[in-house]
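So you know, we letter chains A, B, ... as the sequences are listed, proteins then strands, and number each from 1.
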Amino acid sequence: MDILSILGAGFQAFLTDPTVMALLIGGVILGLIFGVIPGLTAALGVSLILPLTYVLSPIQGLATLIGIYVGGISGGLYGAILINIPGTSASIVTCFDGHPMAKKGKAAEALSMGIFASFIGGTFSMFILVTVAPLLAKAALVFGPWEYTALGIMGLSVVVSLASKDLLKGLISAVVGIFLALAGMDPILGISRFTFGFWQLNTGFPTLPTMMGFFALGEMLNQVRSLESGSGEMQVLQKKVPLLPSWSNIKQSRLALFIGSIVGTIIGILPGVGQSTASMLAYSQAKALSKHPDEFGKGSIEGVAVSESANNAVCGGAMIPMMTLGIPGDLVTSILMGGLVIHGLQPGPLMFRLNTDVVGSMFVAYALSNIIMVIVALAMVRIFVKLLKVPAKILYPIILIMCVLGTFSVNNRVFDIWILLIAGIFGYLFTGSGFSLPPMILGYILGPIVESNFRTAIIASKGNLADVANKPIAVIILIISALFILLPLYFKFRRTKAIKR
Amino acid sequence: MMSKRNARLSKRIVCLAVMMLTVGISAYAQNFPIHSVKVIVPFGPGGSGDLTTRILLQYTNLGQPTVVVNIAGAGATIGTMEAYNSKPDGYTLLANTPAGMILGGFQGLYSEDVFRKMIPLIVMGLDNPVFCVSGKSQFKNAKQFFDYAKANPGKLNLASVGMSTMYTSSLVVRDSVGMDLNYVSFDSSTKSRAALLGGHVDSLLATISENKALIESGDLKPLFVLSAERSPFLPDVPTMIELGYNVTGCLGTRGIWAPANTPTSVVKKLESAFLKAAQNPEFKKVYLEKMAIEPVAWDSATCRAWVDNNAAYYKDLLHKYSK
């Protein structure tokens, strides 16, 4: 499996068939549009276009889908920064610092850093994908149920630093998130829980309507209150967005970019974790290691850099186990796998030997789509500046309609729209009573990961909890989690003691 | 006099109305389909359950377009219930696995009426389970594995997905061989496969289509398949029957259903259109060469008989092993 010959075969496929390039560009543009619009996600874009690619050649189809994937994950940052409504759940973390920056009049800086970070994250994971994919995919298999459990607990332990302002409310918020995720059929035995007699709730509170309800709808309701006062929320973007962030911004964020890229790639390789978790974990790491941790959450450029580099790095990471072992790393890659299977291509070690042109063109498509994404994303900024001049009373209803449409089209049922509306009202009341959403999201996303993996682990070790001691990686992760919980508390204790003196 | 005439008239009107209605209904059924037919796939897009259905529909000619609607969630329960509750006019169908439908009914996901009253139209493909160990495993063949498992009850782990068809298949194996395996349920088949490759479990029960590539590359070692005959995709792998155990297990059937009380003429039309598609050599070629699914064409009556026979078998098995 000579990597150069694989890449060569890929480039050849691109050069001999110009439609591949055209489809790739079209895919990125379509993906960005899906990403920008709240409620429409990369996964939805890929699954809607998938049936259309059956009639194309495998390389044409995969180029289109990979373009949509990269564009869709990148597009969420506009809404997150400009109106505090993430276009996709992958960009939720970008809201934390992107929107505060915009409020301070630094929207242009935040946008250009967001796009730059997306490119860096995507390119980093592409580099890993091309160079050490088969090796890394095998290495990732040491992660079993115990290791995933520990990883989930580490993610949850971040609550303590996320909720530094009010620990009690932060913990309550995280528990609410975990409870929300408990509803529905339990992941191991398939027994219904907390469905209150609605069989429709057997699938739980689905991610998209719940997230969009809390973030998009809840935020809209919040902002509607200040519509009349015309608080200038929408006139945030005065400056032109530069092609690259300023050198000082890049320098300040270099650690954040690095952390985001690495954490994103690793989380991508692990099956079934996904973008939101990656950016959340990377964010807390970056905060812990930053020279200015206090600025996080108040408009730190590092916060935007780490979130956007992490969610894009997941794409390349997630493609690694999908292509080398047939084990998709996230939701979108599992749909991408369908695009391979329908053409009779079985992802796995043999694909690298038998279908070098397909593997190579997937690599090339992924590399190129990162570059195309930057160009299209920068060009789109101008359109969004104009869109922001649309009065909120017109813009918000349109966003609401898109949320409803997107929610419906994911699973084709009206019940999800009700979940969207109820989650929106609940989110409005929740934030109104001083609870912050990040811990809730953390609990909602990580709770099920901890639950299903812990239960699998305990079944596999026949009820023996001490079995975890045989797993060094899990033990190390658990120790790190303990530090995540104890260190902030210790520092706080020292500070209050110092103040008392 | 007047009232008598009136009564007669109204009787005639009622008669006429009833006649027109029945004629209308049968004409309606006769002209079926007059618009597009919706097929609910209770799984997400891109997976085997989705692709197998879309391919069959490509070769199906009903005179009207067919539309696939993915309604996933809760192990196919959500989409199945949507179809069960929809109007029985033939315009909404369900593409769910017959074995999964039966087990869903027994395990309380929905009432048994769902698989007893809904009408199976066709089974067009078989994706049977294969029992694998890691390529690096000490076990060279099924006999070695069985002997070790019998000597060490409950020591070996068997990974698979959920508590439905794969769990029942594992019971078939346990019951017939008389060994005690520790069943470890994962929430997705990919995770169970990753767990075996990473050495976290000892064995894996999974579909042939999903694991063919890793078997060919040597990462997975197949010990036996659970089917009546050897799989065309794994010609060197014995069946349980060849090993001396007279069981076929939980056949991995792929089928399409119509809601209960769908008019017979509509059922006949759908059935013959699907059978024709499933017998098309081009369709068979796609299933064999691209999907690694065995193409078959069971008609409605064959499916019904299969469902009823297996329902009884599964019920006993589940009852025996329920705590």
Side-chain angles (χ1 to χ4, degrees), chain A residues 46-48 50-51 54 138 140-146 148 184-185 187-192 199-204 206 271-272 321 325-328 331 334-339 341-351 353 410-413 415 448 452-453 455-457 459-460 462, chain B residues 40 44-48 50-51 54-55 58 68-75 77-79 81-82 104 107-110 154-155 157 159 162-164 167 182-188 190-195 197-201 209-214 216-219 286 289-292:
Chain A
V46 171
S47 61
L48 285 182
L50 177 74
Y54 295 162
K138 286 256 153 98
L141 290 175
V142 287
F143 265 71
W146 280 120
Y148 282 110
M185 250 165 72
I188 303 300
L189 297 177
I191 292 159
S192 299
W199 58 266
Q200 291 95 332
L201 259 186
N202 261 328
T203 182
L325 296 170
I327 295 170
L331 182 66
S334 66
I335 307 172
L336 273 182
M337 223 170 98
V341 173
I342 192 83
H343 290 294
L345 299 161
Q346 292 285 340
L350 290 180
M351 198 171 77
R353 257 174 271 158
V410 167
N411 216 2
N412 300 301
R413 53 178 204 155
F415 189 79
S452 61
N453 283 295
R455 289 179 61 189
T456 305
I459 295 172
K462 293 143 198 127
Chain B
I40 295 178
S48 171
D50 178 55
L51 297 180
R54 286 178 193 268
I55 293 170
Q58 259 178 18
V68 170
V69 178
N70 296 90
I71 307 183
T77 310
I78 305 293
M81 287 304 284
E82 291 278 355
Q107 293 175 331
L109 301 184
Y110 32 75
K155 195 175 171 205
N157 279 329
M163 297 304 282
S164 181
Y167 172 67
N182 185 28
Y183 183 81
V184 185
S185 158
F186 283 79
D187 57 6
S188 78
T190 50
K191 283 184 198 161
S192 62
R193 198 177 335 145
L197 291 172
H200 304 281
V201 290
S209 68
E210 275 189 332
N211 295 279
K212 195 176 144 253
L214 286 169
E216 281 167 2
S217 68
D219 290 279
V286 175
E289 289 179 6
K290 295 190 171 172
M291 302 296 301

Q. Any side-chain heavy atom of M291(B) within less than 4.5 Å of one from V341(A)?
A. yes
Q: Taking the side chain as every heavy atom from C-beta outward, state whether R193(B) and L325(A) have any atom pair closer than 4.5 Å.
A: no
Q) Quick one: what part of N211(B) sits under 4.5 Å from any heavy atom of chain A, side chain, backbone, both or neither? A) neither
**Q.** Under 4.5 Å from a heavy atom of chain B, the part of T456(A) involved
**A.** both
Q) Highest number of heavy-atom pairs under 4.5 Å with chain B: which of M337(A), M351(A), H343(A)? A) H343(A)
Q) Is it true that a side-chain atom of N202(A) and a backbone atom of I78(B) form a donor plus acceptor pair closer than 3.5 Å? A) no
Q) Within the distance-only criterion (no hydrogens, no angle test), does the side chain of N412(A) pair as donor or acceptor with the backbone N or O of N70(B) below 3.5 angstrom? A) yes
Q | Heavy-atom proximity to chain A below 4.5 Å, by part of Y110(B) | A | neither
Q) Any side-chain heavy-atom pair from L214(B) and Q346(A) closer than 4.5 angstrom? A) no
Q: Below 4.5 Å from any heavy atom of chain A, which atoms of I40(B) appear? Answer side chain, backbone, both or neither.
A: neither
Q: Check whether A195(B) gets within reach of chain A through its side chain, its backbone, both or neither, counting any heavy atom under 4.5 Å.
A: neither
Q: Could you check which of A457(A), P347(A), S47(A), G144(A) has the highest count of heavy-atom pairs closer than 4.5 Å to chain B?
A: G144(A)
